[in-house]
Amino acid sequence: MNRIEPEGRELYSIADLAKEFGISTRAIRFYEAKGLLSPERLGSTRVFRRRDRARLILILRGKRLGFSLRDISDYLGLYDADRAQQVHLLAEKVSERLDALERQRTDLETTISELREIKKLAEQRLEKAG
DNA sequence: CTTCTTACA
DNA sequence: TGTAAGCA
């Protein structure tokens with residue numbers, strides 16, 4: 001449709017990125033609406049550069065690791081700012097995420113234990129009755 | 001509430 | 001493309 005001249009591989013259309021990363025163009029627009037991406041415009045057409053692509057990769061990776069768009073946004077907000085501050089925020093968010101996962105693991109183990117106990121009791125009752 | 005998707009004007 | 005409604 002609207003092919004953007006690829007000089008090397010500097011420019012990407014929203015469709016290019018959607019296809020490359022297996023997400024919908026709507027999702028990309030959603031990220032833009034949330035301020036996570038801010039591609040240039042050639043008229044009404046979005047033009048993504050390597051910088052935008054790099055940010056999208058970070059967004060996707062952040063999501064994979066379980067971070068909210070808000071967290072990712074906060075982090076990306078420091079993209080052009082203080083490196084030390086960015087690293088500091090990252091360390092903080094990662095710690096929070098690890099704590100959350102540890103808590104989830106504890107909860108999971110508790111649930112698994114309870115279910116095993118219920119299963120054991122149920123099987124014992126079957127033996128008595130059977 | 002969050003993150004999208006679907007759908008319509 | 002903004003919005004609304006609906007999903008998980």
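In the text below, chain A, chain B and the rest are named by the order of the sequence lines, each starting its count at 1. Hydrogens, waters and symmetry mates play no part in the numbers below; they use all other heavy atoms, side chains included.
Under the 4.5 Å side-chain criterion, counting only non-hydrogen atoms from C-beta, A:Q85 is not in contact with A:L89. A heavy-atom distance below 4.5 Å is found between the side chains of A:L56 and A:I23. You'll find the side chain of A:R55 stays beyond 4.5 Å of the side chain of A:L36, heavy atoms only. Residues A:Y31 and A:K63 are in side-chain contact: their nearest non-hydrogen atoms beyond the backbone lie under 4.5 Å apart. A:R97 has its side chain within reach of A:L101: a pair of non-hydrogen atoms, C-beta onward, lies under 4.5 Å apart.
If you chain together hydrophobic residues whose side chains sit under 4.5 Å apart, A:F21 and A:F67 fall into the same group.
A:T110 and A:D107 share no side-chain donor-acceptor pair at under 3.5 Å.
In this structure, A:R116 CZ and A:K119 NZ are separated by 8.5 Å, a value rounded to the nearest 0.5 Å.
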Nucleotide pairing, DNA chain B (Watson-Crick or G-U, distances under 3.5 Å), in dot-bracket with [ ] and |: .|.||||||
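Among the protein residues, A:F67 comes within range of no part of the nucleic acid, since none of its heavy atoms lies under 4.0 Å from any strand. Note on A:K34: nothing from the nucleic acid sits closer than 4.0 angstrom, heavy atoms only.
Taking a 6.0 Å sphere around CZ of A:R41, one finds it holds more than 12 heavy atoms contributed by other residues, nucleotides or ligands.
Of all nucleotides in DNA chain B, those with any atom nearer than 4.0 Å to a heavy atom of chain A start and finish, going 5' to 3', at B:dT3 to B:dA7.
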Per-nucleotide protein contact string for nucleotides 3-8 of chain C, where B marks a base within reach and S marks sugar-phosphate only (heavy atoms under 4.0 Å, - for neither): B-----
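A:R105 has a carboxylate O that lies under 4.0 Å from a charged side-chain N of A:E102, or vice versa, which qualifies the two as a salt bridge.
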